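So the structure is just underneath, and the comments pick up after that.
Note that the structure is predicted; figures quoted are calculated from it, not measured. Proteins get letters first, then strands, A, B, ... in listed order; numbering begins at 1 in each.
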Number of protein chains: 2
Amino acid sequence: MTKTTANTDCTECMLAKQCVPSGLPLKDLFHLNSAVNTNNIFEAESVIFRQNTTATHLYIVKTGVFKTQRIINDTEHVDNFFLPGEFIGLDSIAGGVYANTAVAIERSLVCKIEYRQLAALRKRFPGLSDLSVKTYSNALAAASEQQNTITLQCASARLASFLVSYNKRASLHQQVNTGFNLPMTRQDIASHLGLAAETISRSFSKLSNSGAISKEGRRVNILDAAILQEHVMEPPR
Amino acid sequence: MTKTTANTDCTECMLAKQCVPSGLPLKDLFHLNSAVNTNNIFEAESVIFRQNTTATHLYIVKTGVFKTQRIINDTEHVDNFFLPGEFIGLDSIAGGVYANTAVAIERSLVCKIEYRQLAALRKRFPGLSDLSVKTYSNALAAASEQQNTITLQCASARLASFLVSYNKRASLHQQVNTGFNLPMTRQDIASHLGLAAETISRSFSKLSNSGAISKEGRRVNILDAAILQEHVMEPPR
DNA sequence: CGCGGTATTGAGCACCATCAAATCTGGTGG
DNA sequence: CCACCAGATTTGATGGTGCTCAATACCGCG
């Protein structure tokens, strides 16, 4: 399930600027390389960790997409999606067990590091401590944002808001922006947004008909950001 | 608006065990006392900070209750409530500006500390760094939990879930548990849960009629936790 | 080419939002 | 102490959004 290729040095990583390496001085990067396990391959559908198992590692997405999901009332609910440069497992450090199950949506690469080793590094390199706070603060802000998306709006507005946010995240680490891929199923999106899959489908059609987006299968293109924003604003609620 | 009484030493604070003081050794606590501004009084309705203003301080609720709210699409939405022992402003450290407005719901006391001073203390006392990570991790986990509450369930289930969670938080810092107070308006609860105020009212009646809770005004008593849990489980969705 | 899972589209209905009115509450001033 | 008022809460009636069930269309894969 988890094959490990030859470790690629953190100094060579494209994501280093916004990842753990940015927290410590160049000359000390070798300390990190011994702690981080890079380029773990996960095939589509394979699981990084399972809900309620002992939480030990933090994961960073290098390529690909993951989702976290949890069982509530005997039904699975998709908590979140994780794109390259994003951290999986931040919420489980304090609790001792993973709060949800992390699954690869497509073939993906992740780096991993033990919570304990990260804590030890923080003690030696204060810059890492600042980076942790910053990372967490951003994650919390994103969570609030998401909550607003989900709470406030009607179905098509929620989807529009989700697309705007997803597009922003996806285009952070790529130059050209010729649309983006939504590798997850409609059902996953529906679960994440608290809607039915059919409603997602209808909302996609609505956004498409209004000229805000175009879609072919799971590939989406934002044609008119202004129109899309109007959908986000749409009442009721 | 913000009167400051004589500082009460952090060593004497009831909440010290789960607050910032727990992050550093007893002998160094005096460093904290000079950085923390304790016992700031906020009357009901008064504002700690406003959305989009420069973010400088972290706040810790000592007594009372606060809410954070933000303007979205020209309507106010309640992000969260904050009870004694909880931190306000964690999500705004990285962004530079407060992501929402914090308002006292009843007469309350808070301590405050500058982000910068806290960062400086973290560098000197590694224990504070661990505490920060733990605090943030818990906050993130709580946010996910909340998202599930909001996303998943029908109206009465959402309210039931909210009550269970709120009761747990409120009873953390008090011995006897003879019901609890909900000092916020129904409208606030409604906004937080993404429902209409009338729906909250009806859901309260439903929970009450089933024998799960009793209520008189804003005071709520959980009569039968098992029945309440059944409401949380309730389909549809 | 045929199969299984995913996505879309359609019809009917339930839940909740909205509007409206009545009741309750707390606070103020007579 | 009581009358009064504004805001909050509850209760009622109605309509719309989105869920459910069902059928069809689409896609990837053997």
Side-chain angles (χ1 to χ4, degrees), chain A residues 43-45 67 73 75-78 103 105-107 149-163 181-209 213-220 231 234-237, chain B residues 43-45 67 73 75-78 103 105-107 149-163 181-209 213-220 231 234-237:
Chain A
E43 301 294 338
E45 309 297 323
K67 65 177 172 182
N73 302 354
T75 58
E76 275 194 338
H77 175 255
V78 174
V103 183
I105 287 178
E106 57 185 24
R107 189 170 201 273
T149 293
I150 293 170
T151 309
L152 219 57
Q153 303 143 333
C154 70
S156 54
R158 280 191 218 180
L159 179 60
S161 180
F162 172 75
L163 291 179
N181 212 33
L182 288 174
M184 68 292 289
T185 64
R186 300 287 192 244
Q187 181 57 56
D188 282 340
I189 300 176
S191 170
H192 177 57
L193 296 180
L195 297 167
E198 295 91 329
T199 304
I200 295 295
S201 202
R202 278 182 247 274
S203 298
F204 262 119
S205 303
K206 191 174 170 186
L207 296 184
S208 190
N209 289 334
I213 66 170
S214 69
K215 63 177 167 68
E216 29 185 334
R218 290 179 177 180
R219 188 143 199 94
V220 174
H231 281 287
E234 185 185 3
R237 285 199 186 184
Chain B
E43 301 295 338
E45 310 297 322
K67 66 177 173 182
N73 301 355
T75 58
E76 274 193 340
H77 175 255
V78 173
V103 183
I105 287 179
E106 56 184 24
R107 190 170 202 270
T149 293
I150 293 171
T151 308
L152 220 54
Q153 302 142 332
C154 69
S156 55
R158 280 192 218 179
L159 179 60
S161 179
F162 172 74
L163 291 179
N181 212 33
L182 289 174
M184 67 292 288
T185 64
R186 301 287 192 242
Q187 181 56 55
D188 282 339
I189 300 176
S191 170
H192 178 57
L193 296 178
L195 297 167
E198 296 91 329
T199 305
I200 295 294
S201 198
R202 279 182 246 273
S203 298
F204 262 118
S205 304
K206 191 174 171 185
L207 297 183
S208 190
N209 290 334
I213 67 170
S214 70
K215 63 174 166 69
E216 28 185 336
R218 289 179 176 179
R219 187 144 199 95
V220 174
H231 281 286
E234 184 186 5
R237 288 199 186 179

How far does CD1 of A/Ile105 sit from OG1 of A/Thr185, to the nearest 0.5 angstrom?
7.5 Å
Give the rounded distance in Å between these two atoms: CD of A/Gln153 and C1' of D/dG18.
16 Å
Between A/Ser205 and C/dT8, does any side-chain N or O lie under 4.0 Å from OP1 or OP2?
no
In whole Å, what is the span from the CZ atom of A/Arg158 to the P atom of D/dG18?
8 Å
Name the closest nucleotide to the A/Ser201 side chain, picking from D/dT11, C/dT8, D/dT20.
C/dT8
In whole angstrom, give the distance that lies between atom CG of B/Leu182 and atom P of D/dT9.
10 Å
Just to confirm, is there a sub-4.0 Å distance from OP1 or OP2 of C/dC24 to any side-chain nitrogen or oxygen of B/Lys215?
no
Using the 3.5 Å cut-off, write out each protein N or O paired with an N or O of nucleotides 10-13 of chain C and the distance between them.
{"residue": "C/dG10", "atom": "N7", "partner": "A/Arg202", "partner atom": "NH1", "Å": "3.0"}
{"residue": "C/dG10", "atom": "O6", "partner": "A/Arg202", "partner atom": "NH2", "Å": "3.2"}

Heavy-atom nearest pair, B/Pro183 first then B/Glu106, reads CB-OE1, 3.4 Å
D/dT20 C1' sits how many Å from A/Gln187 CD, rounded?
13 Å
How would you list, by chain and number, every residue that makes a side-chain contact (heavy atoms from CB on, under 4.5 Å) with B/Ala44, sequence neighbours excluded?
none
Gap between atom CZ of A/Arg158 and atom CG of A/Leu163 - 0.5 Å precision:
14.0 Å
What is the distance, to the nearest angstrom, from the CD atom on A/Glu45 to the P atom on C/dG5?
12 Å
How far apart are the closest heavy atoms of B/Arg218 and B/Asn181, and which atoms are they?
O-OD1, 3.4 Å
Please lay out, stage by stage, how A/Val78 and A/Met184 fare under the test side chain to side chain contact (heavy atoms under 4.5 Å, CB included).
CA-CA 11 Å; A/Val78 174; A/Met184 68 292 289; over 6 Å; no
Rounded to whole Å, CG of B/Asp188 lies from P of D/dT9 at a distance of 9 Å
Using side-chain contact (heavy atoms from CB on, under 4.5 Å) as the criterion, list what pairs up with B/Ser203, not counting sequence neighbours.
B/Ala155, B/Ser156, B/Leu159, B/Thr199
Pairing residues for A/Thr149 by the side-chain hydrogen bond (donor to acceptor under 3.5 Å, both in side chains) criterion, not counting sequence neighbours
A/Ser161
If you restrict it to nitrogen or oxygen atoms, what contacts under 3.5 Å exist between nucleotides 4-8 of chain D and the protein, and what is each distance?
{"residue": "D/dA8", "atom": "O3'", "partner": "B/Arg218", "partner atom": "NH2", "Å": "3.2"}

According to ring pair (Phe, Tyr, Trp, His ring centres under 6.0 Å), who are the partners of B/His192, at least two apart in sequence or on a separate chain?
B/Phe81, B/Phe162
Over all atoms of both residues, closest heavy-atom pair of B/Ser214 and B/Ser208:
CA-OG, 4.4 Å
Check for a donor-acceptor pair, side chain of B/Ser201 on one end and backbone N or O of B/Ala197 on the other, with a separation under 3.5 Å.
no
What closest approach, in Å, do B/Leu193 and A/Thr151 show between heavy atoms, and which atom pair accounts for it?
C-CG2, 3.9 Å
Could you tell me the separation between the CD atom of B/Glu234 and the P atom of C/dC16, rounded to a whole number of Å?
8 Å
Got a second to check how far B/Leu182's CG is from B/Phe204's CZ, nearest 0.5 Å?
5.5 Å
Can you run down the salt bridge (charged side-chain N to carboxylate O under 4.0 Å, His left out) pairs that involve residues 184-209 of chain B, sequence neighbours left out, and say none if there aren't any?
B/Lys67-B/Asp188, B/Lys206-B/Glu234
Nearest to the side chain of A/Thr199, which nucleotide is it out of D/dG18, D/dT9, C/dT18?
D/dG18
To 10°, what angle do the rotation axes through the five end pairs on each side of the helix from C/dC1-D/dG30 to C/dG30-D/dC1 form?
40°
Where along nucleotides 25-30 of chain D does protein come under 4.0 Å, by heavy atom, of base (B) or sugar-phosphate alone (S), with - for untouched nucleotides?
------
Could you check how far CG of B/Leu193 sits from P of C/dA17, rounded to whole Å?
11 Å
